[in-house]
Peer 1: 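A single structure is presented below for examination.
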Amino acid sequence: MDIYDVSRLIEEHKVRTVKVGGADLDGVYRGKRLSAEHFLAGAADGFPQCDVVFGWDIADEVIGSLPYSNWDIGFADVNMRPDLETFAIVPWEDGAASVVCDFDTEHGEPLPISPRFVLKRVLEVAREAGHSAKMAAELEVRFFREDQESLQAKKFDDLRPLNPGYNCYSIHHASIDEPFIGHICRMLNAYGIPVEAYNREHGAGMYEINIRYADALRAADQTMLYKSATKELAAQMGGMATFMAKYRDDVDGCGGHLHQSLWSADGETSVFWDEARPHSASELLECYIAGLLTTMPEFMLMYAPNVNSYKRFVPKTWAPTNMTWGIENRTCALRLISGSPSAIRIENRAPGADMNPYLAFAASLAGGLHGIEKGLKPPPPTKGSAYADETAGKLPGSLPEALALFRESELAVRYFGQEFVDQYVAFREWEVEKHRRAVTDWERRRYFEMV
Ligand code: ADP
């Protein structure tokens with residue numbers, strides 16, 4: 001797609017506004033709404049954006065002390081350069097389109113801490129090794145009959161789910177919700193994000209919506225846009241959506257399982273497939289699994305980036321707790337799915353729905369590539385419940401633990417770059433400290449009367 005195609009679409013669809021933005025460190029789509037004329041005039045050069053989008057936390061509190069974007073530098077501009085391949089008409093908003101941007105420095109170089117650039121870096125390593133990557137994130141999401149004001153008024157507690165029962169996979173319950181969920185899926189399809197399947201999940205108001213796999217960069221863009229679109233569409237229908245990894249401690253969490261496969265550079269032939277071997281898993285696929293497994297603890301910060309992410313890792317809740325892999329085994333961290341050359345893939349079950357897709361994809365691919373480069377061999381696959389496996393290494397159980405491992409990771413520096421690692425470590429140190437100081441409802445209920 002070039003600027004002429006874009007301007008034709010703008011004319012054809014009577015677009016007045018273009019949403020221009022990219023992923024911040026949390027994976028939130030942030031940017032500006034531009035008039036169509038202004039967008040067309042500046043699309044080739046890009047648009048200025050205050051660099052604070054990389055300098056505050058998820059609650060928009062300015063951190064101030066990060067290596068990049070801080071008071072000393074004076075919060076200058078970065079340049080949002082639209083990737084015109086991502087230009088799309090927004091079907092649920094009259095006269096609107098959207099585009100995903102790369103962030104550049106004032107000198108026109110890629111901003112090294114931008115999550116989209118971090119993924120591109122790892123994709124470049126794959127390309128140099130003769131590979132391309134295809135991915136899909138399966139995000140679970142919970143819907144509520146609430147709005148922004150009612151959430152605040154209720155202090156995010158005692159919320160009314162879209163539907164009250166569990167009813168996982170129940171066809172008639174999903175049909176009852178069809179005016180709501182079906183509308184979201186139809187809009188996503190019309191937006192260019194192909195929905196393969198969706199179903200009631202294991203929780204009140206909970207759904208899983210599967211997007212068809214695509215080249216890794218496109219898949220990450222689609223995952224970010226899907227989250228943003230789902231929130232917008234739910235709000236248009238009087239609802240709210242959350243992708244929190246664990247919304248309450250007494251219900252299942254929301255996974256963000258990451259399906260991935262490696263192909264020849266032209267994307268035509270899966271290098272994971274070898275019919276002569278058990279489960280048709282090539283030797284290279286075994287190395288990929290081994291690399292993913294060994295790097296999982298040090299890269300966990302990029303799969304589970306929030307304090308809340310770690311509350312999801314509870315045995316027998318479909319979330320992994322240890323460094324295991326298995327063939328069609330949903331109790332392991334990695335599930336091998338075979339079947340055909342186009343379908344053979346690894347499902348990384350560690351990421352939650354709260355992940356930043358660019359960073360989780362980058363970490364997963366980097367882990368696999370590391371395994372291939374070093375010719376690593378995986379342990380035998382887990383048979384039966386991985387939760388019962390006492391010998392497998394444990395995954396980090398909290399944000400501080402994951403942060404400590406990431407801070408020491410040489411592989412993180414190699415694959416994601418020193419600038420990104422420094423920024424992300426400082427960014428997560430802030431989050432850990434914020435949480436350390438927070439006094440919660442749980443503490444009041446537990447200690448108020450008794451201590
Ligand atoms: P579940 O874990 O819900 O059973 P599935 O096994 O049905 O999920 O996997 C569905 C996801 O896997 C979809 O998003 C689909 O597009 C994706 N997928 C299928 N083939 C590949 C592949 N070769 N590479 C990456 N993802 C793939």
Side-chain angles (χ1 to χ4, degrees), residues 119 122-123 126 131-141 168-171 174 181 184-185 188-189 192-203 206-227 230 243 252-275 279-282 284-285 288-289 292 312 317-320 325-353 355 357 360-365 367-369 386:
L119 175 57
V122 183
L123 285 170
H131 304 308
S132 61
K134 300 190 188 185
M135 300 205 174
E138 288 180 314
L139 300 190
E140 291 168 337
V141 47
C168 188
Y169 297 126
S170 160
I171 294 287
I181 308 291
I184 293 177
C185 294
L188 288 171
N189 276 318
I193 301 183
V195 174
E196 268 187 356
Y198 53 103
N199 59 275
R200 276 297 295 268
E201 260 301 332
H202 198 237
M206 189 173 175
Y207 271 83
E208 175 175 308
I209 299 176
N210 290 349
I211 311 297
R212 183 165 175 74
Y213 70 98
D215 287 342
L217 186 65
R218 173 104 191 102
D221 289 339
Q222 287 185 335
T223 307
M224 176 185 74
L225 294 171
Y226 150 73
K227 286 172 91 165
T230 300
F243 293 90
D252 284 351
C254 284
H257 303 160
L258 207 178
H259 291 256
Q260 62 214 277
S261 51
L262 211 58
W263 299 67
S264 52
D266 62 4
E268 293 293 318
T269 313
S270 171
V271 296
F272 278 0
W273 182 259
D274 181 350
E275 228 156 54
H279 311 288
S280 303
S282 67
L284 187 137
L285 169 52
Y288 192 95
I289 292 171
L292 250 175
R312 190 180 134 250
T317 62
W318 308 98
W325 76 284
I327 292 134
E328 277 297 0
N329 190 335
R330 287 190 170 84
T331 64
C332 297
L334 303 179
R335 166 180 165 228
L336 169 64
I337 302 155
S338 190
S340 72
S342 64
I344 191 164
R345 61 191 182 275
I346 294 295
E347 178 188 41
N348 180 350
R349 296 175 65 83
M355 65 174 169
F361 287 22
S364 220
L365 182 58
L369 292 173

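Indexing begins at 1, ligand by ligand and atom by atom, following the structure's order.
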Peer 1: Report the residues that fulfil salt bridge (Lys or Arg N to Asp or Glu O under 4.0 Å) with Arg345, sequence neighbours left out, ordered by chain and then residue number.
Peer 2: none

Peer 1: Below the 3.5 angstrom mark, is there an N/O of Gln260, backbone or side chain, next to an N/O of ligand 1?
Peer 2: no

Peer 1: Need the ligand 1 atom indices (1-based, order shown) with element for anything under 4.0 Å from a heavy-atom of Glu208.
Peer 2: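 Listed by number with element: 3 (O).
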
Peer 1: Give yes or no for whether the N/O distance cutoff of 3.5 Å, strictly under, is met between Trp263 and ligand 1.
Peer 2: no

Peer 1: Establish, from distance only, whether the side-chain atoms of Ser280 and Glu275 form a donor-acceptor pair under 3.5 Å.
Peer 2: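 There is no such pair between these side chains.
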
Peer 1: Return the option from Glu196, Arg212, Glu140 holding the heavy atom at the smallest distance from atom 13 (C) of ligand 1.
Peer 2: Glu196

Peer 1: For Ser342 and ligand 1, does the shortest N/O to N/O distance drop below 3.5 Å?
Peer 2: yes

Peer 1: Enumerate the atoms of ligand 1 whose separation from the nearest heavy atom of Arg330 is less than 4.0 angstrom.
Peer 2: 1 (P), 2 (O), 4 (O)

Peer 1: Kindly indicate whether the side chain of Thr230, heavy atoms from C-beta on, has any atom under 4.5 Å from the side chain of Tyr207.
Peer 2: no

Peer 1: Taking only heavy atoms of Ser261 into account, list the atoms of ligand 1 that are under 4.0 Å away from them.
Peer 2: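 Counting atoms of ligand 1 from 1, those under 4.0 Å from Ser261 are 22 (C), 23 (N), 24 (N), 25 (C).
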
Peer 1: For Arg312, which of Pro351, Cys254, Pro320 qualifies under side-chain contact (heavy atoms from CB on, under 4.5 Å)?
Peer 2: Pro320

Peer 1: Got an N/O contact under 3.5 Å between Arg349 and ligand 1?
Peer 2: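 No; every N/O pair is 3.5 Å or more apart.
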
Peer 1: To check your reading of the model: name the closest protein heavy atom to atom 1 (P) of ligand 1, its residue, and the distance in Å.
Peer 2: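 Answer for atom 1 (P) of ligand 1: Glu138 OE2, 3.1 Å.
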
Peer 1: Among all protein non-hydrogen atoms, which one is nearest to atom 2 (O) of ligand 1, and what is the separation to 0.1 Å?
Peer 2: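 Looking only at protein heavy atoms, the one closest to atom 2 (O) of ligand 1 is Arg335 NH1, 2.9 Å.
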
Peer 1: Students often mix this up, so state it plainly: with edges at 30° and 60°, are the rings of Tyr288 and Phe272 parallel, tilted or perpendicular?
Peer 2: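 Judged by the thresholds at 30° and 60°, the geometry between Tyr288 and Phe272 is perpendicular.
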
Peer 1: Determine, considering heavy atoms only, which of Asn210, Ile211, Leu262, Ile344 sits nearest to atom 14 (O) of ligand 1.
Peer 2: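 The residue whose heavy atom sits nearest atom 14 (O) of ligand 1 is Ile211.
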
Peer 1: Of all the non-hydrogen atoms in the protein, which one sits nearest to atom 16 (O) of ligand 1, and at what distance?
Peer 2: Tyr213 N, 2.9 Å

Peer 1: Does ligand 1 have any atom sitting under 4.0 Å from a heavy atom of Lys134?
Peer 2: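 It does; at least one heavy atom falls under 4.0 Å.
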
Peer 1: With sequence neighbours left out, what residues match Thr331 under side chain to side chain donor-acceptor pair (under 3.5 Å)?
Peer 2: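 Result, side chain to side chain donor-acceptor pair (under 3.5 Å) vs Thr331: Asn329.
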
Peer 1: For atom 9 (O) of ligand 1, which of the options Met135, Arg345, Glu347 provides the nearest non-hydrogen atom?
Peer 2: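 That would be Arg345.
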
Peer 1: Within 45° of the ring axis of Phe243 and under 6.0 Å from its six-membered ring centre, is that where the NZ or CZ of Lys227 lies?
Peer 2: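 Geometry flag: set, cation within 6.0 Å and 45°.
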
Peer 1: Under the side chain to side chain donor-acceptor pair (under 3.5 Å) rule, what do Asp252 and Thr317 come out as? Steps first, then yes or no, please.
Peer 2: CA-CA 6 Å; Asp252 284 351; Thr317 62; 5.2 Å; no

Peer 1: Testing the basics here: between Ala216 and Met135, what is the closest heavy-atom pair and its distance to 0.1 Å?
Peer 2: CB-CG, 3.9 Å

